[in-house]
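What you see is a predicted model, and the numbers here were worked out from it, not measured in a lab.
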Amino acid sequence: NTCRPSSPPFVEADEPSLVVSEIWRYPVKSLGGETFTTATVTPVGIEGDRGWGLVDQATGKVLTARREPSLLFAAARLVGTEVVITLPDGSETADDAELSAWLERDVALVRAGDEGGVYENPIDPGTEQEWVEWQGPGLAWHDSVNGRLSLVSTSSLDGIDIRRIRANLVCRGAGEDALVGRSVGIGSATLSVAKLIDRCVMVTRAQPGLECDLSVLTTINRERGGTLSVGMLVDTPGTITVGDRLDLRA
């Protein structure tokens, strides 16, 4: 049974109609992630999501697949509270020296702390010459202070592989864009839908089973104004389970 807060009440909404079909966590930023049937939602998102990052020791910045596309060919999972990274050759490690040898640059696996990371993005995905930088929030390696947990519908994906979008929640149905500015309940968690998430060159990157495809970003820009999925903040921590329905708060 799904636990619901008794006050204020929840109301069932005719639109949008969204039911959780997949739950994803990405323990190390920009590495492949893991799926669950039930996830714990903390004040800063799904427990363990983007909890670790690979910091480039030369720049002090957290690496993402925008700057280092090779990251998408490794995957991370949590075993208890420990990170296990599976490298492209199938070996497993969390050792800085082995990770540095793989990436051919000096990196350290760093747990997120109070100070957020500095992130960067190419202005032009085609040339990747000029880059912009910004400061992210603390406590998890999230890009935006307004995006602690993300959600996308199968309708909005329209065939795009979820690994390109890396949303935490995939929902059957449609209509998440209209939720910006609203409060919603999913499972025993309540969340504020804070923003539409702008998409960048990462959605075009190659990864296992997916080729580099610049048309993915071109299509998102043309058909969706450059956004795909919504970013949410956690009002009330709780649990979310596959099959939970999203309810609008009264």
Side-chain angles (χ1 to χ4, degrees), residues 1-28 31-51 75-81 140 142 146-197 199 203 207 209-210 224 227-250:
N1 293 331
T2 300
C3 176
R4 302 287 191 192
S6 58
S7 180
F10 281 79
V11 294
E12 296 182 8
D14 293 329
E15 292 292 342
S17 176
L18 295 164
V19 177
V20 177
S21 58
E22 298 177 36
I23 302 172
W24 286 83
R25 174 172 73 186
Y26 299 88
V28 179
L31 271 61
E34 52 187 343
T35 61
F36 299 91
T37 56
T38 298
T40 299
V41 177
T42 76
V44 294
I46 288 179
E47 186 174 38
D49 185 57
R50 278 82 168 186
R77 70 183 192 278
L78 291 182
V79 179
T81 59
H142 291 146
N146 290 319
R148 293 298 198 169
L149 192 151
S150 54
L151 178 152
V152 69
S153 70
T154 51
S155 176
S156 294
L157 283 173
D158 193 25
I160 296 175
D161 194 297
I162 185 56
R163 293 176 296 162
R164 292 195 186 275
I165 303 303
R166 303 170 68 79
N168 296 119
L169 304 179
V170 181
C171 292
R172 295 191 302 275
E176 71 275 19
D177 290 6
L179 294 172
V180 174
R182 302 295 301 271
S183 179
V184 301
I186 312 177
S188 61
T190 57
L191 308 112
S192 294
V193 184
K195 62 177 290 187
L196 299 173
I197 295 180
R199 291 298 161 183
V203 302
Q207 51 187 296
L210 297 173
R224 299 187 51 84
T227 67
L228 180 55
S229 78
V230 294
M232 301 183 287
L233 299 175
V234 179
D235 297 326
T236 306
T239 59
I240 294 175
T241 300
V242 168
D244 284 339
R245 181 174 57 185
L246 182 147
D247 294 315
L248 288 176
R249 294 196 71 156

Atom pair [atom1]/[atom2] of [X] and [Y] - distance to nearest 0.5 Å:
{"X": "Leu191", "Y": "Leu151", "atom1": "CG", "atom2": "CG", "result": "9.0 Å"}
{"X": "Ile46", "Y": "Leu149", "atom1": "CD1", "atom2": "CG", "result": "4.5 Å"}
{"X": "Thr35", "Y": "Glu22", "atom1": "OG1", "atom2": "CD", "result": "7.5 Å"}
{"X": "Asp49", "Y": "Trp24", "atom1": "CG", "atom2": "CH2", "result": "12.0 Å"}
{"X": "Phe36", "Y": "Ile240", "atom1": "CZ", "atom2": "CD1", "result": "13.0 Å"}
{"X": "Leu246", "Y": "Ser153", "atom1": "CG", "atom2": "OG", "result": "11.0 Å"}

Intermediate values then yes/no, side chain to side chain contact (heavy atoms under 4.5 Å, CB included), Thr154 and Val170:
CA-CA 7 Å; Thr154 51; Val170 181; 4.0 Å; yes
On a heavy-atom basis, which atom in [X] and which in [Y] lie closest, and how many Å separate them?
{"X": "Ser150", "Y": "Ile197", "value": "CB-CD1, 3.7 Å"}
{"X": "Ser188", "Y": "Thr239", "value": "OG-N, 2.8 Å"}
{"X": "Val234", "Y": "Gly45", "value": "CG2-N, 3.9 Å"}
{"X": "Ser156", "Y": "Arg224", "value": "OG-NH1, 3.7 Å"}
{"X": "Gly173", "Y": "Leu18", "value": "C-CD2, 3.8 Å"}
{"X": "Ser155", "Y": "Ala174", "value": "CB-CB, 3.5 Å"}

Arg148 and Thr42: side-chain donor and acceptor closer than 3.5 Å?
no
Measure the shortest side-chain to side-chain distance between [X] and [Y] over non-hydrogen atoms and say whether it is less than 4.5 angstrom.
{"X": "Leu248", "Y": "Leu179", "result": "yes"}
{"X": "Val242", "Y": "Ile23", "result": "yes"}
{"X": "Cys171", "Y": "Val19", "result": "no"}
{"X": "Leu228", "Y": "Val203", "result": "no"}
{"X": "Glu176", "Y": "Val184", "result": "no"}

Donor-acceptor pair, side chain of Arg25 and main chain of Glu47, under 3.5 angstrom
yes
Begin from the C-alpha positions of Glu34 and Leu78 and carry the test side chain to side chain contact (heavy atoms under 4.5 Å, CB included) through to its verdict.
CA-CA 9 Å; Glu34 52 187 343; Leu78 291 182; 4.1 Å; yes
For Val193, which of Asp177, Val230, Asn146 qualifies under side chain to side chain contact (heavy atoms under 4.5 Å, CB included)?
Val230
